[in-house]
Amino acid sequence: MQHSLRYSANTYQALDADSMDMEIDLSNLGTVNTMFAALFSKLGVPIKTTISANVLEEALNGTVTVRPLPIGTSVSGKMKLNSSLLDGREAMCSFFGVTINEQQAESGIVIRVTSTAQSKFKLLYFEQDANGGYGLALQEDSEKTGKVTSTGMYFLHFQVYRMDSTVNALAMAKDPEGAFFKRLEGLQPCEVSELKPGTHIFAVYGDNFFKTASYTIEAVCVKSYEDTTQKLKDVEAQILRKRNELRQFESEYRKALARYQEVTDRYTKEKQSVRSFNLCYSFITSVYLDMHAFAFFLIVILPTA
């Protein structure tokens, strides 16, 4: 879907909320639209992207090449969005099959993708359908974390959350004071919490605007990371509590701010009112004194002249 991005000679125009609900397919964008999408993204506007229909169709038809990704290993690769630029070593989307046994499934599995080049990408999870093809079930967009971009899927038998930085992004930009209270609103629950024994299909989809996307994908069994798993539970519980506290604090802050505004407005009005009274009183007393002096002149000074 092509999405026209508006440009002003003086500045970039902000996209409205309705526009931001739309998703664009970078593989079908022309050069000009891709350039403007990249510029908006560089300015911090969250541009939602969708997966190429060609990739999804090939997956549904079962015609994609699936490489094995054994537990405990990693694979690195590169991808280009424009199929006309492919050179045989690179593809728009790379598919991987992760086979897990019963013990590994019970322990928990993590699929993680990172890019030291800070490439943008999507991690996809496909479920096999009755016709032998693969239907898209889940997707996670990469996020910048430190000096790398990364994302992951966590199948740990308990509710895991992810931080979506695009949530309320426009509202935060319009309301700088409210941005503080929205920082944890992007915490969203992941839809799948466990995997069954067998082979599961994952894919990495390049999401760069122009450059080749490079990545490293790894599959890990968390049996050896039980302490880390418990820390994850604890940290997520703390974040959820803090999010609830911020929601309550925001309500209290808004009420206090409204009261403060009401008081300062009244202070300004009262100050103006007192000033007006002072001016009026000064004028009246000045007139009174002038009249008194004139009367004194008529009664006392003039007869003796």
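Start at 1 with the first residue, then count along the sequence.
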Step-by-step side-chain contact (heavy atoms from CB on, under 4.5 Å) determination, Thr145 to Thr114 = CA-CA 10 Å; Thr145 51; Thr114 58; over 6 Å; no

remark   = Closest non-hydrogen contact found for Ile51 with Lys122 is CG1-CD, 4.0 Å

query = Do Met153 and Leu195 share a hydrophobic cluster, counting only Ile, Leu, Val, Met, Phe, Trp and Tyr and linking them when any side-chain heavy atoms are less than 4.5 Å apart?
reply = yes

inquiry  = Looking only at the side chains, is there a donor atom on one of Glu58 and Asn54 sitting less than 3.5 Å from an acceptor on the other?
reply    = no

inquiry  = Show the nearest heavy-atom pair for residues Ala105 and Ile100, with the distance to one decimal.
reply    = CB-CD1, 3.9 Å

query = Out of curiosity, Glu236 CD to Arg243 CZ, how far, rounded to the nearest 0.5 Å?
reply = 10.5 Å

task = Run the salt-bridge test on Arg241 and Glu245 with the 4.0 Å N-O cut-off and return the result as yes or no.
result = no

query = Going by distance alone, is a donor N or O of one side chain under 3.5 Å from an acceptor N or O of the other, for Thr216 and Ser76?
reply = yes

message = Quick check on the hydrophobic clustering: are Val148 and Val204 connected, directly or via other members, by side-chain heavy-atom contacts under 4.5 Å?
response = no

request  = Answer yes or no: are there more than 12 heavy-atom neighbours, outside Glu252 itself, under 6.0 Å from its atom CD?
outcome  = yes

Atom of Ser107, atom of Val222 and distance for their closest heavy-atom approach = O-CG2, 3.0 Å

task = Would you kindly say whether Ser142 and Tyr215 are connected by a side-chain donor-acceptor distance under 3.5 Å?
result = no

task = Applying side-chain contact (heavy atoms from CB on, under 4.5 Å), run through Arg112 and Ile217 and close with a yes or a no.
result = CA-CA 6 Å; Arg112 184 168 176 79; Ile217 182 173; over 6 Å; no

task = Provide the closest heavy-atom pair for Ile111 versus Leu123 in the form atom of the first, atom of the second, distance.
result = O-CD2, 3.6 Å

key: CA sep, side-chain torsions, deciding dist, call: Thr151, Phe121, side-chain contact (heavy atoms from CB on, under 4.5 Å)   = CA-CA 9 Å; Thr151 191; Phe121 52 83; 3.6 Å; yes

Full working for side-chain contact (heavy atoms from CB on, under 4.5 Å) between Tyr125 and Gln139 = CA-CA 6 Å; Tyr125 173 59; Gln139 73 175 58; over 6 Å; no

query = Taking the six-membered ring for Trp, are the ring centroids of Phe95 and Phe126 within less than 6.0 Å of each other?
reply = yes

task = May I ask you to check whether Thr99 and Thr199 show a side-chain donor-acceptor distance below 3.5 Å?
result = yes

Nearest non-hydrogen partners of Gly135 and Leu60, listed with the distance = CA-CD2, 3.9 Å

message = One thing to verify: whether Glu262 and Arg259 come together as a salt bridge, which I'm taking to mean a side-chain N less than 4.0 angstrom from a carboxylate O.
response = yes

